[in-house]
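To find a chain, count down the sequence lines: A is the first, B the second, and so on, and within it residues start at 1.
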Amino acid sequence: MEALYDELNAAPLPMPACSMKKNGYHICIIGGGGTGGALAYDLALRGFSVTVLEKGELTSGTTGRHHGQLHCGARYAYGDRNIARECFEESVILSRIAGSCIEYNGGFFVALTDEEADFEKAFIEGCLESGIPARKVNKEKILAIEPRLGPVKTGVFVPDGTFDAFRLPMMFFSAAKLLGARIMPWHEVVGFDIANGRMQAVIARDLLAGGRELRIEADYVINASGAWAGKIGEMAGADIPVTPAPGAMLAVKGRLVDRVISRMRPPSDGDILVPQRGLTIIGSTQRVTDNPDGILPTEAEIEFLKAKAEEMIPGFTNLPVHAAWAAARPLAGSRKHKVGNTVESAVIEDVEGRSLSRDFMILDHAANDYIEGFATILGGKATVLRAMAEKTANFISSALHIESECRTASYSLPSWREYFRGGRS
Amino acid sequence: MMYSIQIKTQDGTRQYALEASPERTILDALEIIRSGGEKNLHYRHSCHHGSCGTCGAVINGKPRLMCLTRLGSLGAGTIVLEPLSKAETLDGVAVFPGRLFDSLPNTDYLKNTDGSAAAIELAVPEIRYRDIPELGAKPKRLEDCIECGLCTAACPVSKDFIGPAACAHIHIETVKHPETSQTLLARAFEPDGAPACERAFECSRICPQGVAPGKHITALLMTRQVRGTGH
């Protein structure tokens with residue numbers, strides 16, 4: 001920890017301009033969301049050849065629809081200090097390597113009820129024990145800084161922020177592209193070539209070329225398709241316990257606060273206000289569904305979110321809705337192993353979804369489904385995308401028995417604009 | 001309500017019909033149609049709330065963001081969607097915005113907010129990390145321009161022109177960082193820079209973010225006039 005913070009206090013270096021020395025291995029990543037982008041960059045920086053397949057535009061699934069809260073970890077500190085600690089480290093790293101698309105202004109956890117105020121002590125303790133500098137701020141000071149907030153009893157200042165949910169992941173894609181990764185949006189995975197218990201190739205369709213089929217041979221295939229991971233798994237005959245969990249969000253025009261506002265209580269629905277550019281976003285809700293495609297917010301969700309925002313900012317409901325949308329987050333269900341290679345389908349312990357682990361996991365299909373060279377990454381949070389990529393790239397390196405080192409925390413990322421420059425790759 | 005949507009490209013037209021609430025957006029409608037099994041419907045989208053700038057299209061003749069255009073706002077009749085002009089069309093309304101991003105310089109994407117710096121003394125515990133948010137710091141926010149290319153598509157200039165968004169980027173940067181933006185400023189005065197503007201101001205009318213690129217172009221041209229009188 002100490003060493004990491006010392007390192008973080010050094011300015012990030014510019015990313016190496018030329019490609020790394022290639023190590024001869026080719027990795028195919030399925031899914032062009034934030035995780036896929038961060039992984040493509042991490043692997044390319046280690047010398048892997050990388051191909052990313054995405055059925056639509058990059059970040060068009062769940063990634064771009066995030067409200068953009070850069071979690072310092074305070075929200076998780078009470079429940080899981082390890083997650084909180086990692087969130088804080090990663091939020092600091094992202095602010096340093098991708099600061100150009102982050103509004104790093106901090107956040108307040110506010111108590112609106114006596115019950116929430118009673119939670120304050122435990123909340124601050126949880127933060128401090130997780131290494132997060134949380135400070136009690138009294139009501140008068142909070143209202144002087146964020147005058148639109150309603151009847152706040154007390155609050156805590158934490159180092160939260162807001163990132164641009166499109167541009168942050170696109171910075172990783174820019175970096176991957178500059179390092180020679182082949183990024184292929186508009187390519188839908190339709191099957192796999194698995195022979196002798198080993199992943200040989202991914203079969204994809206070029207959707208802009210009338211569905212022309214391509215065969216992409218790879219030494220390792222990573223399913224990073226999030227809420228779509230189950231559908232991809234089916235094609236390979238692997239059972240992947242993931243449940244698409246739509247969450248609705250709503251934005252009004254006007255920057256009602258300058259800092260992220262969270263309720264001082266364990267995570268629940270409608271408890272976060274995120275300022276972003278000239279908007280204020282209230283998030284979010286959670287339900288579960290079978291199909292991650294075409295997710296839209298319901299009227300009930302919209303009304304619920306407005307009412308929750310009104311509790312924090314009186315007058316919120318009078319503002320016209322700028323946009324209401326929903327994103328299919330991937331919820332990892334627990335799985336049970338039977339004798340042999342059959343696996344029970346996902347056991348979802350709580351249909352509301354909130355209590356399911358939101359931690360990150362790597363499912364090795366060699367161990368679970370007898371497919372060598374294939375793994376699925378699941379769960380996690382947007383703020384920790386770089387760390388998820390690091391863990392996954394370590395895992396791939398170890399599976400391929402090669403030594404490699406993660407260096408993504410050391411370099412500042414190029415602009416998101418680079419991805420679109422210089423023609424289509 | 002029943003809605004009829006026509007996607008018009010150089011290769012022909014495709015017609016879709018759907019039942020949806022007038023509160024739903026054009027982007028929602030395309031999502032409904034595609035998830036209903038229409039595999040050959042391609043469009044760019046990401047944030048669904050007017051922040052990413054990917055879902056621009058010409059809607060009933062006017063460049064707009066699909067995610068912020070409600071079905072009920074368009075009146076009766078078939079809704080006609082076309083790809084943004086001056087961009088490489090991929091399929092349907094999906095474009096590759098390469099030319100736009102080739103023209104956009106890398107500028108400081110953060111600016112100060114209207115919010116007050118909290119001039120409040122706090123007992124601050126010793127913090128070892130550099131650059132984490134401080135309560136007393138002046139808040140910053142992302143720039144308004146979402147690089148959606150609607151202004152470029154609406155601009156009637158047909159000769160070489162870096163476009164309204166690039167000019168706005170340059171002007172904003174020169175105001176924010178005058179000392180480091182002289183090279184950029186020079187770029188704005190090349191023949192395909194601000195001087196190429198024909199003052200139609202379609203860019204300012206069409207901008208979904210109120211950036212008013214026309215205003216920035218005018219300001220850029222004024223700086224040269226002011227400076228020019230000195231010679």
Side-chain angles (χ1 to χ4, degrees), chain A residues 5 8-9 56-60 63-65 68 92 95-96 99-101 103-107 133 135 137 141 144-145 157 159-161 164-167 186 207-208 249 251 255 257-259 275-279 281 291 293-296 322-323 325 327 415 417-424, chain B residues 24-25 28 31-32 34-36 39-40 42-54 67-68 88 90-91 94 96-98 100-102 104 106 108-110 113-116 118 120 122-125 127-135 137 139-144 146-147 209-210:
Chain A
Y5 289 138
L8 291 182
N9 279 332
E57 174 60 293
L58 301 176
T59 76
S60 62
T63 295
R65 303 184 211 191
V92 174
S95 77
R96 298 177 61 72
S100 56
C101 67
E103 299 177 358
Y104 205 25
N105 297 322
R135 273 176 272 166
V137 184
K141 283 175 184 166
I145 296 166
F157 184 72
D160 273 342
D164 185 312
F166 169 66
R167 288 174 178 78
W186 315 106
L207 299 178
L208 299 181
M249 281 154 276
R255 198 177 165 91
V257 288
D258 272 323
R259 293 147 194 90
Q276 185 209 83
R277 278 195 186 77
L279 304 177
I281 300 169
N291 184 3
D293 287 309
I295 302 263
L296 299 174
H322 177 69
W325 69 102
S415 169
R417 299 179 188 116
E418 293 294 345
Y419 176 79
F420 298 105
R421 288 177 179 153
R424 284 206 281 153
Chain B
R24 295 294 190 201
T25 66
D28 292 339
E31 291 276 272
I32 292 168
R34 191 171 62 178
S35 63
K39 282 268 184 189
N40 290 319
H42 306 304
Y43 46 93
R44 300 180 70 218
H45 62 118
S46 180
C47 79
H48 290 228
H49 61 276
S51 288
C52 69
T54 62
C67 72
L68 296 184
E88 179 192 351
L90 299 175
D91 185 69
F96 182 77
L100 172 70
F101 283 88
D102 282 337
L104 293 178
N106 282 345
D108 178 3
Y109 202 53
L110 290 164
T113 73
D114 303 331
S116 62
I120 290 168
L122 281 159
V124 181
I127 293 173
R128 289 166 300 158
Y129 335 109
R130 210 173 68 173
D131 303 337
I132 69 165
E134 279 304 321
L135 196 49
K140 291 259 191 184
R141 49 156 291 190
L142 297 168
E143 281 288 352
D144 286 301
I146 54 170
E147 304 165 338
Q209 286 289 98

_Counting C-beta onward and ignoring hydrogens, is there a side-chain heavy-atom pair between R65(A) and C47(B) closer than 4.5 Å?_
no

*Check R259(A) against L135(B) and note the closest heavy-atom contact, atom names and distance.*
NH2-O, 4.3 Å

*Describe, in one word, how the ring planes of F96(B) and F420(A) are oriented to each other, choosing from parallel (under 30°), tilted (30 to 60°) and perpendicular (over 60°).*
tilted

*Which pair of non-hydrogen atoms, one from Y43(B) and one from W186(A), has the smallest distance, and what is that distance?*
O-CH2, 3.4 Å

*OH/Y104(A) to NZ/K140(B) distance, rounded to the nearest 0.5 angstrom?*
15.5 Å

_Show the nearest heavy-atom pair for residues S46(B) and F166(A), with the distance to one decimal._
OG-CD1, 3.6 Å

*Under the side-chain hydrogen bond (donor to acceptor under 3.5 Å, both in side chains) rule, collect the residues that match up with E57(A), sequence neighbours excluded.*
R44(B)

*Portion of T25(B) that has a non-hydrogen atom of chain A nearer than 4.5 angstrom*: neither

*How close do P133(A) and I132(B) get, heavy atom to heavy atom, and via which atoms?*
CG-CD1, 3.6 Å

*R167(A) versus chain B, heavy atoms under 4.5 Å apart: side chain, backbone, both or neither?*
side chain

*Contact winner vs chain B - L208(A), D293(A), T63(A), heavy-atom pairs under 4.5 Å*: L208(A)

*Tell me, out of S35(B), G98(B), A94(B), C52(B), who's got the most heavy-atom pairs with chain A below 4.5 Å.*
C52(B)

*NE2/H42(B) to CG/L207(A) distance, rounded to the nearest 0.5 angstrom?*
4.5 Å

*CG on L279(A) to CG on L142(B), rounded to 0.5 Å*: 10.5 Å

*Shortest non-hydrogen contact from L110(B) toward G99(A)*: CD1-O, 3.5 Å

*Pick whichever of G56(A), G68(A), S100(A) has the most heavy-atom pairs under 4.5 Å with chain B.*
S100(A)

_Test of understanding: with salt bridge (charged side-chain N to carboxylate O under 4.0 Å, His left out), list the residues that count as partners of E103(A), not counting sequence neighbours._
R255(A)

_Can you tell me how far apart CG (D28(B)) and CG (L296(A)) are? Round to the nearest 0.5 Å._
4.5 Å

_Taking every non-hydrogen atom, the tightest pair across E143(B) and R277(A)_ = O-NE, 2.9 Å

*asked:* What part of L90(B) gets within 4.5 angstrom of chain A, counting heavy atoms only: side chain, backbone, both, or neither?
replied: both

*When you measure from the side chain of R421(A) to the backbone N and O of D102(B), does any donor-acceptor pair fall under 3.5 Å?*
no

*Rounded to the nearest 0.5 Å, how far apart are CZ of R141(B) and CD of Q276(A)?*
9.5 Å

*Looking at I32(B), L68(B), D91(B), which has the largest count of heavy-atom pairs under 4.5 Å with chain A?*
L68(B)

*asked:* Let's test your reading of the structure: which of H49(B), R24(B), Q209(B) forms the most heavy-atom pairs below 4.5 Å with chain A?
replied: H49(B)

*Measure L100(B) against the heavy atoms of chain A and call it side chain, backbone, both or neither at under 4.5 Å.*
neither

_Heavy-atom pair count under 4.5 Å with chain B, highest-scoring of A323(A), G278(A), G106(A), S60(A)_ = S60(A)

*Using non-hydrogen atoms only, which part of L104(B) is less than 4.5 Å away from chain A: side chain, backbone, both, or neither?*
both

